[in-house]
Amino acid sequence: MSERRTNFLSAALKGKCPRCGEGELFSGYLAVAERCRACGLSFSFADAGDGASWFVMLVSGALAVAAALILELNWQPPFWIHGVAVALFAVALPLLLLRPVKSVLLSQQYRTRAEEGRIIR
C-alpha cells in the first residue's frame with residue numbers, strides 16, 4: 001500500500017480534512033464543518049447521505065444477530081444477558097462506527113471528485 005493511500009485512510013479514520021489531513025472534518029459528532037481550519041478547504045462537496053448509516057446498520061445488525069445466536073446455541077443464558085449482549089452490538093457498535101465510516105465516505109468523495117450527476121446539453 002502506498003504512503004499516500006495510507007495517509008488518506010489514516011486521516012479519514014481520524015475525521016481529518018481529506019486534503020491536508022490536519023483540520024477537523026466534523027464540527028459536532030456527525031455535523032460536517034463548513035471548512036477546514038488548517039487549509040481552508042470548503043466542505044460544501046460533502047454529502048454522504050445515508051450511505052454511512054446503511055453500512056453501519058448492515059454490519060452491526062448482522063453482528064447482533066450472530067451474537068444472539070451464538071449465545072443461545074452455546075450457553076442458553078437468561079434473556080437479560082441476550083439483551084445486554086445484543087445492545088452492545090445494536091447500540092454501542094453503531095455509535096463507535098458511524099463517525100469513522102462517514103468520514104471515510106466523505107474523504108473518498110473528495111479524492112474521486114464525486115458530485116451529483118448532471119445532464120450535459
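Values below: every heavy atom of this structure, side chains too, minus hydrogens, waters and symmetry copies. When a residue number appears, it is its place in the shown sequence, counting from 1.
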Let me confirm one number: the [atom1]-[atom2] distance from [X] to [Y], rounded to the nearest 0.5 Å.
| X | Y | atom1 | atom2 | value |
| --- | --- | --- | --- | --- |
| R19 | S107 | CZ | OG | 13.0 Å |
| Q76 | H82 | CD | NE2 | 8.5 Å |
| L88 | S60 | CG | OG | 12.0 Å |
| R35 | C17 | CZ | SG | 11.0 Å |

For a quick test of reading the model, state the closest non-hydrogen atom pair linking [X] to [Y] and the distance between them.
| X | Y | result |
| --- | --- | --- |
| A68 | V86 | CB-CG2, 3.8 Å |
| A46 | V32 | CB-CG1, 4.1 Å |
| C39 | C20 | SG-SG, 3.8 Å |
| L93 | L63 | CD2-CD1, 3.6 Å |
| R99 | G28 | NH1-O, 2.9 Å |
| D47 | L106 | N-CD2, 3.6 Å |

Step through the shown structure and confirm whether more than 12 heavy atoms of other residues, nucleotides or ligands are within 6.0 Å of [atom1] on [X].
| X | atom1 | answer |
| --- | --- | --- |
| F55 | CZ | no |
| E72 | CD | yes |
| F79 | CZ | no |

Which residues satisfy the side-chain contact (heavy atoms from CB on, under 4.5 Å) test with F45, sequence neighbours excluded?
P18, L41, F43, Q109, Y110
Is a side-chain donor or acceptor of S103 paired with a backbone partner of A12 at a separation under 3.5 angstrom?
yes
Walk me through it: do I70 and W75 pass the test side-chain contact (heavy atoms from CB on, under 4.5 Å)?
CA-CA 8 Å; I70 289 169; W75 297 285; 4.2 Å; yes
If you group Ile, Leu, Val, Met, Phe, Trp and Tyr by side-chain heavy-atom gaps below 4.5 Å, do [X] and [Y] land in one group?
| X | Y | answer |
| --- | --- | --- |
| V104 | L97 | no |
| V101 | F26 | no |
| W54 | L98 | no |
| L95 | F89 | yes |
| L25 | L96 | no |

Please test S10 against K14 for side-chain contact (heavy atoms from CB on, under 4.5 Å), starting from the C-alpha separation and ending with a verdict.
CA-CA 6 Å; S10 174; K14 293 176 185 174; 3.6 Å; yes
Under 4.0 Å between a Lys/Arg side-chain N and an Asp/Glu carboxylate O for K16 and E24?
yes
